[in-house]
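Order of appearance sets the numbers: ligands from 1, and atoms from 1 within every ligand. What's counted below: heavy atoms across the whole structure, side chains too, no hydrogens, waters or symmetry copies. The first residue of the sequence shown is numbered 1, and numbering continues consecutively from there.
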Amino acid sequence: MPIHNADIADIFDEIADYLEIEGDNPFRIRAYRNAARTVRGLGTELKDMVARNEDLTELPGIGKELAAKIHEILTTGTARALTRLRRRIPPTVVEILKLPGLGPKRVRTLYHDLHILTLDQLTQAAQQGRIRALAGFGARTEQQILKAARKHAQRRIRFKISDAEVYVDSLIAYLKQVPGVKRVAAAGSYRRCRDTIGDLDILVTAAGDSPVMVCFAAYDEVSAVISQGATRASVWLRCGLQVDLRRVAPESFGAALQYFTGSRAHNIAIRRLARQYGLKINEYGVFTNERRIAGETEKSVYQSVDLDWISPELRENRGEIEACRQKRLPRLIELADIRGDLHMHTRASDGHNSIEEMALAAGKHGFEYIAIAEHSRHLSVAHGLDARRLLKQIDEIDRLNQQLKAVTILKSIEVDILEDGRLDMPDEVLARLDLVVASVHSQFNMARERQTTRILRAMDQPYFTILAHPSGRLINERDAYAVDLEKVIRHAAARGCFLELNANPQRLDLTDVYCQMAKEQGVLVAIDSDAHRSDDFNNLRFGIGQARRGWLEKDDVLNTRPLAELLQLLRRTMG
Ligand code: DGT
Ligand code: CA
Ligand code: CA
Ligand code: ZN
């Protein structure tokens, strides 16, 4: 990874932030700030200057010490000075510094006098009126802080589930090898397969003398310990993810897992139900008066209120409890139900593998079929295909289908929906395909009504099979465009076409509630990888998680069908 000037400037600014909080020498702090400004405004990349052996100390504000730091950052990617500071002060404290009205001096006071390390702790202290008593604060400031903290908390970035997974897997593997540890389980939104994760909740059971809590705090990836006790601890990982660990007794494991899996709304509904039974459910178990009657397994908790075990993905209080009572919980789709993938790219547009490589990889995943859906010409940044190149690809696929027996390659395209709802390819060319995947890649800012009309018009084209990534969102990067998805779903039902659940963890689009709506309207959903390289088929599991949150069963999903049945369904959308 090349180090750019902006990376170096960020490191200098971060060092300055920490030094300010620590109350370091103001001249030193200013030196880092000035250096950050110089580096940021530089016309040339520092890495090129170093490669040319130029003398960095000739730059304004860069002395010998800072020049050495620039060299260090360019070779190691970071500065030891920063690593040391990060070990002393949690990154969350620096986040507090970003609140309006809270300069380093005040943040330092909060940190030293009240041991406030996180925004949550800050909010709590303000609510309890503990801040106004500090020198230089007062009641008005306390109110301002509370307001700012709440506003900031809403903006706090959540981790994509795929990003969180990397850290969860290695943390769980680490905890499992701690002496005396018996069970380790992830709970919270991660277990419910939400598309994004606020923080990670982990439960362990362990023998009495197990050092699990200490080992947790000493984990390599931990950048700061927020709190640590005998049964609970919270830390920040270097990547910025917060992890809460709870140690529970084996007989409470199920109750704790149920409690910390949530969602909050689901738990509240379950506890309300328990009261009707004269029971009390908490994270330690199910109790009548003070006697424990269940809690070792989740199943026992649900049984105590006459319910079957409910899949974590459904626990959002969206009707799952009523459905369970009436024995009509869905049999949720599983990854193994998927028989093929209907949206992927190859080198012909912006993918990285050949058609043949994609087909062979698909075979390894046990797929019966794949559909190649390159971009169309309108998406020029992705080398979209025009009619001539698409016709050439059709011939190539015919040839490959002669050779390859295990996987059938279907002919498709991810055609752009143009501004007026027409498709970016003549009908007579589309007619030669097995299916047409269509999507919006431009004009995201149209008014809601126009955007909706545009998409409905596209669906009414003679050749239209699947609406890809229907909302266009990119998680943490781009909001969904304004569109009436309810109307789109009803229209798809009338037209007899399908909607995609794009399984790329950056998209996960359709979202859960719209999956549920599509199911209710009888619109089949295609769970597709939108693979740009053969490894991307692995992303399908994220799509399955989202589909399960949307109550989808095998029969609600288009690409669970065997090839012959699929072809029949596709043909109905083509002309
Ligand atoms: P997140 O972290 O924002 O992605 O979402 P969750 O669902 O993981 O929420 P989190 O981490 O605050 O708490 C994990 C679960 O623990 C939550 O889904 C329900 C349970 N829980 C935590 N605190 C409370 C509470 O104060 N009341 C209730 N009823 N449940 C709680
Ligand atoms: Ca959580
Ligand atoms: Ca939590
Ligand atoms: Zn697309």
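For ligand 1, one of its N or O atoms has an N or O atom of Arg271 under 3.5 Å away. When only interatomic distances are considered, the shortest N/O to N/O separation between Asp201 and ligand 1 falls below 3.5 Å. At least one N or O atom of Arg158, backbone or side chain, sits closer than 3.5 Å to an N or O atom of ligand 1.
Contact atoms of ligand 1 toward Ile197: 4 (O) (distance under 4.0 Å to a heavy atom of the residue). Those atoms of ligand 1 with a heavy atom of Gly188 less than 4.0 angstrom away are 8 (O). Counting atoms of ligand 1 from 1 in the listed order, those under 4.0 Å from a heavy atom of Arg192 are 7 (O), 18 (O). Numbered from 1 in the order shown, with element, the atoms of ligand 1 that lie under 4.0 Å from a heavy atom of Ser263 read 18 (O). Atoms of ligand 1 lying under 4.0 Å from at least one heavy atom of Gly198, given by number and element, are 1 (P), 2 (O), 3 (O), 4 (O). Taking every heavy atom of Asp199 and a limit of under 4.0 angstrom, the matching atoms of ligand 1 come to 2 (O), 11 (O). For ligand 1, the atoms closer than 4.0 angstrom to any heavy atom of Gly262 are 17 (C), 18 (O), 19 (C).
Ranking the protein heavy atoms by distance from atom 23 (N) of ligand 1 puts Arg264 NH2, 3.4 Å first. Among all non-hydrogen protein atoms, the one lying nearest atom 14 (C) of ligand 1 is Phe260 O, 3.5 Å. The protein heavy atom nearest to atom 30 (N) of ligand 1 is Tyr259 OH, 3.7 Å.
Judged purely by atom type and a 3.5 angstrom limit, Asp536 has no side-chain atom pairing as donor or acceptor with the backbone of Ser529.
Remark: at the Ca ion (ligand 3), atom OD1 from Asp199 and atom OD2 from Asp244 enclose 110°, rounded to the nearest 10 degrees.
A side-chain hydrogen bond (donor to acceptor under 3.5 Å, both in side chains) with Asp416 holds for exactly one of Arg422, His375, His378; it is His378.
Counting only distances under 2.8 Å, and ignoring water, the protein N, O or S atoms around the Zn ion (ligand 4) are Glu414 OE2, His441 NE2, His469 NE2.
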